[in-house]
Amino acid sequence: MSILIQIIIYGLSLGMLYFLLSSGFSLIFGLMGVLNFAHGSMFMWGCYLGYILSLSTGSFLFGIIGAAVCIGVMGLVMEKWLIQPLRGNQLRQILLTFGLIYVLEELAKVIFGTRAYMQFPPEWLSGSAHIFSETVPQYRLFMIFAGVIVFLLMTLLLKKTKLGMIIRAGTDKPRMVQAIGINVARIFSITFALGCALAGLGGAIATPFLGAYPTIDMEQVFNAIAVVIIGGVGSFTGAFYASVILGFISYITSYFVPELSMASTLLAMLVVVMIRPNGLFGGKTSEN
Amino acid sequence: MDNITENILELHDVETFIGQYHILFGVNITVRKGSATVLLGRNGGGKTTTLETISGLRPPFAGTILLDGKDIAGLPAYEIIQSGVGYVPEDRDIFSDLTIEENLLISSRKGNDYDKRLELVFELFPDMKKYFKKKSRILSGGQAQMLSISRALINDNKLILIDEPSKGLAPILIRELIDRINIIKKDNTVLLVEQNWEMATSVGDYFYIVQDGMTVFECTKEELLADDTIKQKYLGV
Ligand SMILES: Nc1ncnc2c1ncn2[C@@H]1O[C@H](COP(=O)(O)OP(=O)(O)OP(=O)(O)O)[C@@H](O)[C@H]1O
Ligand SMILES: [Mg+2]
């Protein structure tokens, strides 16, 4: 019983972190065809910014929201000046975002050094909660809560707003979106910024539990890719469920056989690709 | 001045590249307000490319395109569409992950009287009302075509471009579509690409033959029907 609850809470909270990280990555790839390898770097910068902003303002909430906004703006600038000029040239875009990993990482090292920064959860989240007589850290519950809220808000955005409908339409047929009179470049900018903001938020929320350090970008972009492969390209719901699955797999392996943590993610990807090449939720878009 | 109000669209010596390939070499078309103009011609002649050039999806390399007297050559597609063009592409390209309603909603442009236009769409295509809240992926080929046309009709356009609406449809559906397009024609200016002889001749007022990337011949409906050699020479029928 106690192990079960532990697995559920820890696996789910890890899954929510993966979700914040990868949902934007998946949206961007699905809509724009841009495989943003620097997405993990956005996450990493979210870690640092969340840490600095909470420390300097004394407000944890301000820290995570501020980090999300800053990383969103960073994404907006990056899309406008770097990604957009290379539109239509996927190979160059991949090379660009790959190069950005190093630029953004070196920049972080120059500013923050190579050490890891540990951050404590705010006081109101540092205690324990009791679930079926089992004690779990409150911060874990907060991570789950934050992930679920973001999932609900994003679902609402995608299903109910015109912007969301256009994003879904564009993921299916980008050219046709222009042909109904929509400035697709603007939609791309907004989506890219939004996706980056989510990664920044994820990073800031992760810091009290992972810390902030310069190699976290690579670790996390690997997870984002795994989520997209398991969940299916461009599928938001797919990214959510794949993140949860990956969270459980990671936690369970790290609990029982810590050495196989990364191998288990790879194995999960492999199994999904063999059974459903388009991912668990992919391949639902039109035939043509 | 008369010219400006009478012709909704004029193409003068339009040339277009697709990538490195020179596809259109000299397209000259005039679409009169309130008319239905049809582009005919064999496969690969450049009819679709012509419509894509007008809509801005493939900006021309040379030539002028006047929409209601204003040169639109080189403007981005969304600006051209927003200035009053409805585009019904060759492969329908409905957004299959969206419902019928959502397809129409995102197609409705700023300042549009959506409710009024929606009523018009429902009147013309009752199936759109019937499946309004359903994902458009469930639609049959004919219904998908109707949705694609509805997306253009949801706005009050100066010009509607329709690319081979009969493609892949059964004869009985084609006949129904002819009826509908003839109704649409009453209140709209239409530029239609069509290879189906029955649809082309029962809808069109003016005809252009597009061949090897050029408009090589133009005539009225009467001239086309009176002269069998046109059919033989350009269309191979
Ligand atoms: N993406 C492309 N790349 C290279 N050439 C192309 C491309 N699309 C079309 N073409 C060529 O351009 C020419 C004109 O094509 P277009 O589709 O405009 O013809 P069409 O008259 O509409 O033909 P159809 O009746 O078959 O629809 C063809 O020779 C075609 O092979
Ligand atoms: Mg064609």
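If you're wondering where the values come from, they're calculated on a predicted model, not measured in any experiment. Computation of the quantities below employed the complete heavy-atom set of this structure, encompassing side-chain atoms and omitting hydrogens, waters and symmetry-equivalent molecules. Reminder, nothing fancy here: chain letters follow the sequence lines and each chain counts from 1.
The closest side-chain heavy-atom distance from A/Lys173 to B/Ser96 is below 4.5 Å. Using a 4.5 Å cut-off on side-chain heavy atoms (C-beta onward), A/Val177 and B/Phe95 make contact. Considering only heavy atoms from C-beta on, A/Asn183 stays 4.5 Å or farther from B/Pro76 through its side chain.
At a threshold of 4.0 Å, the pair B/Glu102-A/Lys162 does not count as salt-bridged, since none of the basic side-chain nitrogens sits closer than that to a carboxylate oxygen.
Between the OG atom in B/Ser55 and the CZ atom in A/Arg175 there is a gap of 7.5 Å [rounded to 0.5 Å]. Atom-to-atom distance recorded for B/Ser108:OG and A/Ile180:CD1 is 10.0 Å, nearest 0.5 angstrom. Interatomic distance, A/Arg168 CZ to B/Thr99 OG1, rounded to the nearest 0.5 Å: 7.5 Å.
Other residues, nucleotides and ligands contribute at most 12 non-hydrogen atoms within 6.0 Å of the CZ atom of A/Arg92.
Contacts with chain A were tallied for B/Arg109, B/Glu79, B/Arg151; B/Arg151 has the most, counting heavy-atom pairs under 4.5 Å. Your options are B/Ile106, B/Asn155, B/Leu161, and the one with the most heavy-atom pairs under 4.5 Å with chain A is B/Ile106.
B/Gln82 approaches A/Gly181 most closely through the heavy-atom pair NE2-O, 2.8 Å.
The closest side-chain donor-acceptor pair between B/Asp97 and A/Thr171, if any, does not fall under 3.5 angstrom.
Counting only distance, with no hydrogens or angles, the side chain of B/Asp93 and the backbone of A/Met176 share no donor-acceptor pair below 3.5 Å.
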